Chemist: 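Pasting in a structure now, in structure tokens, and then I'll have a few things to ask.
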Amino acid sequence: MRRVLIYDTMSREARVFAPIAPPRVGLYVCGLTPYAPAHVGHGRTFVVFDVVVRALRRWGYRVFYVQNVTNLDDKLIARAAEEDDDPLQLAERNFTAFRRSMTELGVTSVDYYPFATDYVPEILLQVRALVDRGYAYVADDGSVYFEVAKFPAYGRLSGQKLSQLQPGARVEVDARKRAPEDFVIWKAAVPGEPSWESPWGPGRPGWHIEDTAMTGRLLGARYDLHGAGADLIFPHHESEIALSESATGEAPMVNYWIHVAFVIFQGEKMSKSIGNVLDLQAAIDGVGPGALRFYYLNAHYRSPLDLLPDRSLAEAKEAYDRLAQPAHRIEQILARDGAERSGDPIPSEFAAASDELIDRLDDAMADDFNSREAITLLFGWTRRLGELLEGLDHLSGEGLTALAEPYRWAQEVLGLFGERAPADARDLERVVPVLLAARARARARGDYAEADRIREELGTAGIRLEDGTAGTRWSYAEPH
RNA sequence: GCCGAGGUGGCAGAAUGGUUAAUGCGACGGACUGCAGAUCCGUUUCCUGGGGGUUCGAUUCCCUCCCUCGGCUCCA
């Protein structure tokens, strides 16, 4: 099996990936708290992990990918109260919209999206275990807190020293705690809010324990990969480690921690609470899912990505369209005539180069998922195909398939170039050539007004024409 | 204050102890075109935050300073 390097936040170095029970791999990614629609920053994280999983699966790993949904928390309750809505239903609605965006973006790798509130029994078992083992204490109001002082390794993932933290730096200190670093794992019920019965009275789960209860159930006490945006390293992931390892007595909970850097927008992290957000679905609608994926993957996932308004996404679209053009054109011919179509063979050096390129693409991705390097290689292929482009229609199916291989690799691993022609494509493909012939006759007799009229009318139907030396080519203006 | 990640051309953004520091966008020039677009060819010499150190050689390794972003119990 291919040697894969993965940068691990805990050890702060790229390590050779060695799953606990190969070829099986367990991956848990902290998903959305759907109190508001997802933004472009969220999209980055989930596209990155989609690519991680696609790559691992290509290399033979059987990945079980769980992405949780925090469908009940303070923000959801607050937002629902503002809108006179039910928090669980609000979460459900935003999550449904999020799933639709993910599907459009080609994020197909997630096996299971567990909802936190479906795991209350597991959560209560874990709270009970922590109380019984002396790691947690019950406050007067029935809330249960994890006592961080009982877990000396707390702070290892983030490098934080408890003595140096500034309690209350951003969030008010809770008077019910024994120490400021303690965190709530079971919140006593507030009238009017959703709650569940427990040995400590009615209440609802704290944030961190939702994840450890779910991972314990779905992935076991120890598993391979845990990912999320980098903002969750502290305190969330630190606390997950403390909870899981204290409750189960097994360590380490996770072998590789993968954290994705932020999208920077207007000089700061794009964030719902800051308010500098670009709606994810709006971005997909604006430039298309392929261009947005390209934008994300055009930087290494551990580098901050500077999103310039009105510029970065348009730039990504330009670049992506150029990169994708030979891919779409080849696939269009193959879809029309089939892979068995007869024609000229491709120059021999291209077939060998195609195989070699795919090897290099896999190498790039196996080096801590260097998608930027992979894209650079793909641009080299697109550039190289430039000389064959005009004569593409004369090539054999076998030759075209060889040329398409690197793009198919990109479709499989990066999720690019997967745009589908519109549903009415078959009808268009019968009609358009007739109109093109009419336009060619008009041009031949110098009737450019008629020629332009046909071009414009096809344009309104979403068909783009390009006159070249080998005749007029047409394509869908906005592939989706 | 403490912890973490960074500072590379007009912009985005890779990589590397060693010939011209990728790739893309943009810009400029040219070919092609009825026009447009697309494509192709060429150009874009001056880019690795400051200062030390190690080295034959540093953008890369070490020290230090400055700056930016993030985290310090809301967050992808």
Side-chain angles (χ1 to χ4, degrees), chain A residues 9 12 29-33 35 38-49 67 70 73-75 78 148 155 157-174 177 180-184 206-208 227-236 238-239 259-264 267-274 294-295 298-300 302-308 311-312 314-323 325-326 364 370-373 375-380 383 386-387 389-390 443 446-448 451-452 455-456 459 464-469 473 475:
Chain A
T9 307
R12 299 189 214 301
V29 171
C30 292
L32 205 64
T33 301
Y35 74 87
H39 57 66
V40 168
H42 297 123
R44 181 183 192 188
T45 298
F46 301 126
V47 166
V48 163
F49 285 108
Q67 186 188 117
T70 306
D73 83 331
D74 294 351
K75 295 221 165 183
V148 170
L157 178 68
S158 59
Q160 298 275 8
K161 293 185 185 64
L162 284 178
S163 57
Q164 296 295 340
L165 293 179
Q166 289 193 339
R170 296 178 67 171
V171 175
E172 275 185 49
V173 177
D174 182 339
K177 297 178 181 181
E181 63 268 23
D182 294 348
F183 54 88
V184 69
W207 178 33
H208 310 307
D231 46 357
L232 297 189
I233 295 172
F234 188 93
H236 185 51
E238 204 74 76
S239 301
H259 290 102
V260 180
F262 304 116
V263 173
I264 306 295
E268 293 176 279
K269 172 182 88 165
M270 183 178 289
S271 159
K272 282 179 282 196
S273 39
I274 296 171
F294 175 91
Y295 173 69
N298 201 209
H300 189 94
R302 282 189 284 113
S303 301
L305 187 49
D306 212 339
L307 179 70
L308 306 173
R311 178 161 178 174
S312 296
E315 207 171 286
K317 182 170 168 51
E318 287 299 322
Y320 175 68
D321 285 349
R322 201 192 129 210
L323 183 65
Q325 195 185 335
N370 193 341
S371 56
R372 175 67 257 231
E373 178 65 18
I375 285 172
T376 294
L377 293 169
L378 289 168
F379 265 111
R383 219 177 324 113
E387 63 177 270
L389 230 43
E390 286 296 339
R443 292 177 75 205
D447 186 356
Y448 295 119
D452 289 349
R455 184 167 63 192
E456 271 174 42
R464 181 175 54 198
L465 301 190
E466 295 155 24
D467 297 324
T469 50
R473 205 155 41 217
S475 60

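Quick caveat: nothing in here was measured; it's all calculated off a predicted structure. Naming: A, B, ... by sequence-line order, numbering from 1 per chain.
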Chemist: Once you apply a heavy-atom cut-off of 4.0 Å, does A/Lys269 come out as touching a base, just sugar-phosphate, or nothing?
Modeler: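 Base contact - A/Lys269 has a heavy atom under 4.0 Å of at least one base atom.
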Chemist: Between B/U23, B/A36, B/C74, which nucleotide has the shortest distance from any of its atoms to the side chain of A/Arg383?
Modeler: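 So the side chain of A/Arg383 is nearest to B/U23.
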Chemist: Please give the nucleotide sitting opposite B/C47 as a Watson-Crick or G-U wobble pair, both distances under 3.5 Å, or none.
Modeler: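 Paired with B/C47, as far as the under-3.5 Å criterion goes, is no nucleotide at all.
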Chemist: Among B/C40, B/G37, B/C3, which nucleotide has an atom closest to any side-chain atom of A/Arg322?
Modeler: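 The answer is B/C40.
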Chemist: Provide, to the nearest angstrom, the distance between the CG atom belonging to A/Leu378 and the P atom belonging to B/U23.
Modeler: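 Rounded to the whole Å, the gap is 14 Å.
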Chemist: What's the closest nucleotide to the side chain of A/Glu466 if the choices are B/G34, B/G37, B/C74?
Modeler: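 Selected nucleotide (nearest to the side chain): B/G37.
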Chemist: Check the geometry between A/Tyr448 and B/G34 and answer yes if their rings are stacked (centres below 5.5 Å, planes below 30°), otherwise no.
Modeler: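 Stacked: centres under 5.5 Å apart, planes under 30°.
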Chemist: May I have the distance from A/His259 (atom NE2) to B/C75 (atom P), rounded to whole angstrom?
Modeler: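 The answer, rounded to whole Å, is 13 Å.
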Chemist: Provide the Watson-Crick or G-U wobble partner of B/C72, both distances under 3.5 Å; none if there is no partner.
Modeler: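 Answer to the pairing question: B/G1, which forms a Watson-Crick or G-U pair with B/C72.
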Chemist: With both distances under 3.5 Å as the test, what is the Watson-Crick or G-U wobble partner of B/C35?
Modeler: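 With both distances under 3.5 Å required, B/C35 matches none.
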Chemist: For B/G9, give its Watson-Crick or G-U wobble partner with both distances under 3.5 Å, or none.
Modeler: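 B/G9 is paired with nothing.
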Chemist: Pick base, sugar-phosphate or nothing for A/Gly43, based on heavy-atom distances below 4.0 Å to the nucleic acid.
Modeler: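 If one applies the 4.0 Å heavy-atom cut-off, A/Gly43 turns out to touch nothing in the nucleic acid.
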Chemist: Taking the side chain of A/Arg12 as its heavy atoms from C-beta onward, which of B/A76, B/A5, B/G24 lies nearest to it?
Modeler: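 Side chain of A/Arg12 sits closest to B/A5.
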Chemist: Short question: side chain of A/His236, backbone of A/Ile233 - any donor-acceptor pair under 3.5 Å?
Modeler: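 No; judged by distance alone, with no hydrogens or angles, the pair does not exist.
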Chemist: Less than 4.5 Å apart, side chain to side chain, heavy atoms only: is that true for A/His208 and A/Pro235?
Modeler: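 With C-beta onward as the side chain, the pair touches.
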Chemist: Does A/Lys272 place a side-chain N or O at less than 4.0 Å from the phosphate oxygens OP1/OP2 of B/A76?
Modeler: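 True: A/Lys272 side-chain N/O within range (under 4.0 Å) of B/A76 OP1/OP2.
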Chemist: Can you tell me how far C1' of B/U73 sits from NZ of A/Lys75, to the nearest Å?
Modeler: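 Whole-Å distance recorded here is 13 Å.
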Chemist: Taking only the side-chain heavy atoms of A/Phe379 (C-beta and beyond), determine which of B/U73, B/C69, B/U23 contains the nearest atom.
Modeler: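 Shortest atom-to-atom distance from the side chain points to B/U23.
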Chemist: Here's a test of your reading of the structure: between A/Leu465 and A/Gly31, which maps to the more 5' nucleotide of RNA chain B?
Modeler: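 That would be A/Leu465.
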Chemist: Are any protein N/O atoms closer than 3.5 Å to N/O atoms in nucleotides 7-16 of chain B? If there are, list each pair with its distance.
Modeler:
unit_1 : atom_1 : unit_2   : atom_2 : d
B/G13  : OP1    : A/Pro304 : O      : 3.3
B/G13  : OP1    : A/Asp306 : N      : 2.8
B/A14  : OP1    : A/His300 : N      : 2.7
B/A14  : OP1    : A/Ser303 : OG     : 2.8
B/A15  : OP1    : A/Asn370 : ND2    : 3.3

Chemist: Could you please name the partner base of B/U19, counting Watson-Crick and G-U wobble pairs only when both distances are under 3.5 Å?
Modeler: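 Across any shown strand, B/U19 pairs with none.
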Chemist: Using heavy atoms to find the nearest nucleotide of RNA chain B for A/Ile233 and A/Glu318 separately, return the residue whose nucleotide is more 5′.
Modeler: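 Final value for this comparison: A/Ile233.
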Chemist: Looking only at the side chain of A/Arg443 (C-beta and beyond, no hydrogens), which of the listed nucleotides B/A76, B/C35, B/C72 gets closest?
Modeler: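 Closest nucleotide to the A/Arg443 side chain: B/C35.
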